[in-house]
Amino acid sequence: MDQKKEIIRLEDIKRDYIVGEETVHALRGVSFTIYQGEFVTIMGTSGSGKSTLLNVLGCLDTPTAGEYYLDGVSVKKMGKNDRATLRNRKIGFIFQSYNLLPKTTAVENVELPLMYNPAISSKERYERATKALKDVGLGDRLSHKSNQMSGGQQQRVAIARALVNEPVIILADEATGNLDTRTSFEILTLMQKMHQDERRTIIFVTHNPELAHFCSRNIVIQDGRIKSDTYNKEIRSAREVLESLPKEEE
Ligand SMILES: Nc1ncnc2c1ncn2[C@@H]1O[C@H](COP(=O)(O)OP(=O)(O)OP(=O)(O)O)[C@@H](O)[C@H]1O
Ligand SMILES: [Mg+2]
């Protein structure tokens with residue numbers, strides 16, 4: 001990468017949860033910097049602090065201590081409303097359970113993040129949502145409702161929704177956790193395309209160690225601390241794996 005733009009900087013982030021008499025140290029001092037165009041996996045055993053970290057990164061939770069700069073802005077100094085605006089403008093979320101509105105069409109689901117921006121007309125909203133759905137291969141499912149689509153299709157809608165605002169960062173928590181092998185690699189192919197063609201910055205929490213081979217960087221968390229942080233020189237192609245899978249799994 002010729003010019004490195006800093007997207008995320010964490011400085012000694014701590015998150016304690018007080019439960020009754022006990023304090024759980026979910027994050028015990030996490031520091032790292034993520035630059036534009038990185039595709040990062042975050043791994044670690046259950047309870048190691050991955051979701052807590054993702055919630056901090058997504059401005060859904062406030063750390064007990066430490067500094068978080070998102071796209072150069074100190075999140076700590078912001079009020080609740082500013083933080084919500086920042087979240088809506090700069091972050092796209094993809095969840096394991098898709099989190100789409102039921103009985104609502106694909107286009108309406110994808111239009112949702114644009115509703116909070118009064119500068120965008122309803123016509124532009126529709127056009128951007130339609131384009132985002134076409135980009136994830138759902139141009140022929142625009143009016144399908146969430147319950148009329150497969151799991152993989154619903155996750156594509158969720159990806160289109162995460163992208164429609166052109167966020168600086170995409171956060172995914174076990175985005176392929178509920179999908180079969182073939183569909184997982186379809187979603188992974190899509191994310192690699194976002195990463196390689198559009199230089200999107202993606203942070204992907206997963207339990208599946210195999211996925212690290214498809215990303216550019218792997219951060220492992222253990223007991224609320226970074227255990228390792230390594231760069232992957234030979235990124236495997238999800239598309240190649242997809243093409244090598246037996247067809248009958250479809
Ligand atoms: N709201 C909460 N209140 C109290 N303790 C919590 C809360 N959320 C998480 N914890 C604790 O913080 C620690 C880290 O939890 P976290 O959900 O971040 O783990 P995780 O790595 O995402 O695990 P998993 O792989 O099972 O999703 C755990 O010990 C958990 O019990
Ligand atoms: Mg979790």
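Only a predicted model underlies this, so the values are computations on that prediction, with no experimental measurement involved. Each ligand, and each atom within it, is numbered from 1 in the order the structure gives. Keep in mind that the numbers below use all heavy atoms, side chains included, and drop hydrogens, waters and symmetry copies.
- Listed by first and then second residue, the ring pair (Phe, Tyr, Trp, His ring centres under 6.0 Å) pairs involving residues 49-90 amount to none (not counting sequence neighbours).
- Protein N/O/S atoms closer than 2.8 Å to the Mg ion (ligand 2): S51 OG.
- With N178 as reference, Q96 is the one residue of Q154, Q155, Q96 to meet the side-chain hydrogen bond (donor to acceptor under 3.5 Å, both in side chains) rule.
- Nearest heavy-atom pair, V164 versus P113, reported as atom, atom and distance to 0.1 Å: CG1-CG, 3.9 Å.
- For an aromatic pair to be called close, the ring centres must be under 6.0 Å apart, and F214 with F39 fails this.
- How far CG of L188 is from OG1 of T176: 7.0 Å, rounded to the nearest 0.5 Å.
- Results of the side-chain hydrogen bond (donor to acceptor under 3.5 Å, both in side chains) test with E127 over R125, K131, K123 single out K123 as the only residue that passes.
- In this structure the side chain of E67 reaches within 4.5 angstrom of the side chain of K76, judged on heavy atoms.
- Sorted by chain and number, the heavy-atom contacts of ligand 1 below 4.0 Å come from Y17, V19, V24, A26, T45, S46, G47, S48, G49, K50, S51, T52, H207.
- When the side chain to side chain contact (heavy atoms under 4.5 Å, CB included) test is applied to Q153, the partners found at least two apart in sequence or on another chain are L138, R141, M149, S150.
- A 4.5 Å side-chain heavy-atom check between D173 and S51 finds at least one atom pair inside the cut-off.
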